Amino acid sequence: MAGNRRSFSLFFSVGFVAQTAQILIFREIFLNFQGNELSFGITFSIWLLFLASGALVFSVVKTRPSTTLFALFSILLAYLPICVHLLRISKSWTALPQGQMIPLFKAVIYTSSLVGPLVFICGALFSSVLKYNEEEKIVSPTRIYILDALGNLFAGLLFSFVFSLFLNHFQLSFIAMGVCFFSLVLSLSGAKQVSAFFLLLATCGLLLFASSLERLSEEARFRAINPQLTLLDINHSPYGETAVVRLPNSEQIDFYINGNYYFSFSESDPYRIAVQAHTLLSLHPAPSKILLLGNLTIISEILLHPLERIDTVELDPFLIRMFKRHLSGRERLALDDPRVSLNTADPRAYVADAPSGEYDIVASYAAEPLTLSSNRLFTEQFFAEVKRILRPGGVFVLSLTVEPDAQSEMVERTLCILNTLKRVFAHTRSTPAHLTAASDSPILIEPATLAERYKSRAVKSAYFDPALYDTFFNPSEQERIDEALRRFAKEAKTTINRDENPVAVVKSLRLYQVLSSDEDRTLYQILGSIKPIHIAIGAVFLLLCGVVLRVVKKTVFISYSVYISVFTCGLFGMAESIMVLLILQSTVGAAYSLVGALSGAFMFGLAGGAEIALKWNLNTKKPLSILLLLSITLIFCPIFILPLYHLLKLRMLMLLSLLLLSTLSGGVVGAVYRTALAILKDSPKSASRVYAVDLLGATAGSIVVGCALLLTQGILVCAVSVFLLLTACIICAFLIPRTS
Amino acid sequence: MGLFDDVPLNRREFIKAILKGGVAVSSLPLALKLLGILEEPAYAELVQKMLVPHSRPLDNNRVQCLVCPFNCILKIKERSQCFTKQNDDGKLFTYAYHNPCIISVDPVEKMPLHHYLPGSQTLTLAIGGCNLHCLYCQNWQQSQKKPDELKMAAKMDKDETLSALKKKELKILAFNYTEPVVMLEWIIELSKFVRPKGYKVVIGTALYINAEPLKALLDAVDGVVVGLKGFTEEFYKKVTGGTLKPVLDGLVKVKEEKKHLEVVNLVVPTYNDKEEDIKRMCEWFVKNLGAETPLHFSRFEPMYKLQNLPRTPLKTLETAHKMAKDCGIKFVYIDNLAPHPANDTYCPKCNKPLIKRVGLRILENSLKEGKCSQCGESIPGVWR
Ligand SMILES: [Zn+2]
């Protein structure tokens, strides 16, 4: 019995390793997709499909469970770190020219072929552990679910809140494997126990080399991006990965964030920063306090103006460390100037916490809103927060270029951001200097005025000449831009970019990603063609089929109602998870580090819900209807979390409520699964069918809701769509006859 | 709110996507298309078309375009790979005719022309389409589309062009942004009309063109800016889709025809920034185009398909500038980076700064009738 009890650890470790693998894969895929949150939906669907097939295949394969377990764990140890590495270098197999983004379509193909086998093993492990338990009679099967889920939750929380900030992906995978072999040592006996012990030792040995392996692997990853780049330094933050690279024979330092080229700086290239600094500073008649969001390399030139203070905000403290390490001379001294304060914070949070009426100029150099995370700095809510911290006459400057000859995709993307700005500020001007200014006071951009401001401040820059205002604010160029904006406004529809409806992301994705390939064009077109009306038609169709079946054949109707409930609930669970991720990403932006905790919480809820349903013996239509009603309540919760967060500004509270929401929705899905099985009378055949239907629903949820609807239509439309489907299921469940 | 809809997708691209994507993934769009969820693209207003003289008929109603080295052979209704020409009933027509998508008034320095009436302005026109497909194209929104897919800025036939030049009091008609080679017929028509009236015509081109049409084009223009994009066949193949040889032959031809010529080289990091390649280019340049032809080095910024490449380090540009000078080229510039000493024109004999530039603006021009005001050295170019 003692040996049996020790085997508890085995069930725990299966959940633990699966969750660790999921976190690692999620992150690597997130980076492979250049921080694009579409990767969440895609990873979820890959994960579910392969997990299910692994579990199903190994539930029928006849092998000795302890041998299978041992073999599967060993394969996983070998493959997990290899998979991490292969994902990193997969760009080099696409044979794309260096500097070209990986098309989404190709990324999906490579990712699923690499990750598929890994997830398959995780699914197989779960089936094998169930069979092992059957043979050894250790605990009741539902206990395994609970233990497995505890492993999930534990790994999720541990890696999200503790390890992710200190340990690299090789260390994480070796630790997970160490846990697995330790549990094998505890559970097995004889020769297998001895081998497991040696494998545990080997894993610990590998842990010693993890840092060097990580370094080699990261270098290979950047060689895959461009074989001539030298990786100088790399860092993982809660938001993703920042890398510092250098071109051959160059003094220039180039920053890549999540594999995307972000910006460069070089001390030998002061002209560029001079232009950026002096075009910015001349947009205000007499600036005194300035807030810079990003681009702090320009401060040496900004300091030439008579200012009181410059506050700068960078997301990642690593960036400031790198600036301090790689800059010298004038640029380095500027960082220590008493007028400068260097802050590392989420720019969104920094602005929200800043006192009202503080700044004359707020300048945002946020990256293109290609991801939800960067889109946080382009939404109406953010612009309103910026407006609050501006002094009267203050100017908000955004690094947004308006190309007068822009065509459809570019026009849509640019107008979306400009219209959002216009909702908040009375005046906006887009200039040929690649800057767009917004203010409640009129903005003067005549070259003579700007040159006058520059001269009146007695600025002495060796790298700038006020005559340059003529080039950068060229009146005929300006006229072309203004004329183009009037034309665009007639051509394109007015859309507003908001936290809960981040339309600028899709518009930017469409603009940049369709450049990469024809396949992507098609892929985005399909995703974009999914409309709420299609879901509504689906809901009506489900309901009609139900009504017809109810009249024609009652026995079939019962299983029909149960199966569509399970399918829709699977879809609901996934939709809810991805909505939670979207909220997290569009407020805090740290889904990269927290995805594990959220999915762990969901898995825990899943097991808990099933356990409760079993305990309370839920096996009729009534609890099924109640559970579906509960889903409806939960699907509408995300709508309220965002405004509530903006009202209360309590980040920890929001995080907790998101974790709670994940757990609860997991609970409902688990309970529906269990209740459905009970209604269908618990046959092993129906068990695997219900499982498959649940996974199908979840896959549909991740693709239809996670990839398409959520980004194109926003949270509200998503919630309503899922609500319609759930309503159809509730009506069907209600119509189930009171027999049995 | 259809955010993805109306992505233009023609039938050929669609079928290509299906073949590439495999049956499983691609049967879905096909099904959606059949269900009417994917819409057919609606083309812009019909434009005029014109017969292409540089073409020849082949069997089965096919026709061959002879304008550029691609020498496209087109079946009925098929478009050339430069997006502008189509086989309509066995005859080759160009759809780049009277329908510019860009009309702009620019300083001549934007071409970039540094030795051609400095400080003057041009009426710049461009029609969509290009026979090259550079991965870093700055004007990809226009150059990689069919002219009839783009919104026409205004109809520009010869009378309208002349009245625009008069109205804006401009002396130079320029063709830039996209590729003049693919709108050759239109340029020749306009040029024949405005040049006898005292106007100048200049073009900015990649010069990927066959000998005979090049002759016709050169007869129609006064000044040529050529983008010599790299100096290896490999670079041309990988980045532009074309080949180097015809461009070099074309450059020699421009020089032979004694047209004003300036050459631009965009330095793309990790692609064409190797010192030995730049050196070979400069040596060829001096030998074939002469030391007096101005050469511009230009900085790459992440653009179009090459979004994920750092911009060109200043040091790379300065090294290239120095190598070109060392090779004996007298007028070497670094563009789109200002203020920088290499923006200015210096006397090759006494090294006096003659034309000082900031951005696209001329700060100071001390040339005296095309000669150095200090030593009297004659500076090549068109100054009046
Ligand atoms: Zn001289």
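A, B, ... follow the sequence lines: proteins, then strands. Residue 1 opens every chain. Source: prediction; values computed, not measured. Basis for what follows: all heavy atoms, side chains included, without hydrogens, waters or symmetry-related copies.
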Checking [X] against chain B: side chain, backbone, both or neither under 4.5 Å from a heavy atom?
X: A274(A); answer: neither
X: S264(A); answer: both
X: E477(A); answer: side chain
X: N260(A); answer: both
X: D254(A); answer: side chain
X: L468(A); answer: both
X: F255(A); answer: neither

With a 4.5 angstrom heavy-atom cut-off, which part of [X] approaches chain A: side chain, backbone, both or neither?
X: V105(B); answer: backbone
X: I362(B); answer: neither
X: D106(B); answer: side chain

When P302(B), P107(B), S104(B), P269(B) are compared by non-hydrogen pairs under 4.5 Å with chain A, the top option: S104(B)
Best-contacting candidate, E275(B), Q121(B), H340(B), K238(B), against chain A by heavy atom pairs under 4.5 angstrom: H340(B)
Shortest non-hydrogen contact between D405(A) and C101(B), atoms and distance: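 Taking every non-hydrogen atom into account, OD1-O, 4.4 Å.
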Nearest atoms (heavy-atom pairs only) where P341(B) meets Y271(A): CD-OH, 3.8 Å
When rounded to the nearest 0.5 angstrom, what is the spacing between [atom1] in [X] and [atom2] in [Y]?
X: N308(B); Y: Q100(A); atom1: CG; atom2: CD; result: 10.0 Å
X: R272(A); Y: E301(B); atom1: CZ; atom2: CD; result: 4.5 Å
X: I102(B); Y: R480(A); atom1: CD1; atom2: CZ; result: 6.5 Å

Between D470(A), D465(A), V245(A), N249(A), the one whose heavy-atom pairs under 4.5 Å with chain B are most numerous: D470(A)
Main-chain N/O of R311(B) paired to Q252(A) side chain as donor or acceptor, under 3.5 Å: yes
Backbone N/O of T270(B) and side chain of Q98(A): donor-acceptor pair under 3.5 Å: yes
Q34(A) side chain near Q307(B) side chain, heavy-atom distance below 4.5 Å: no
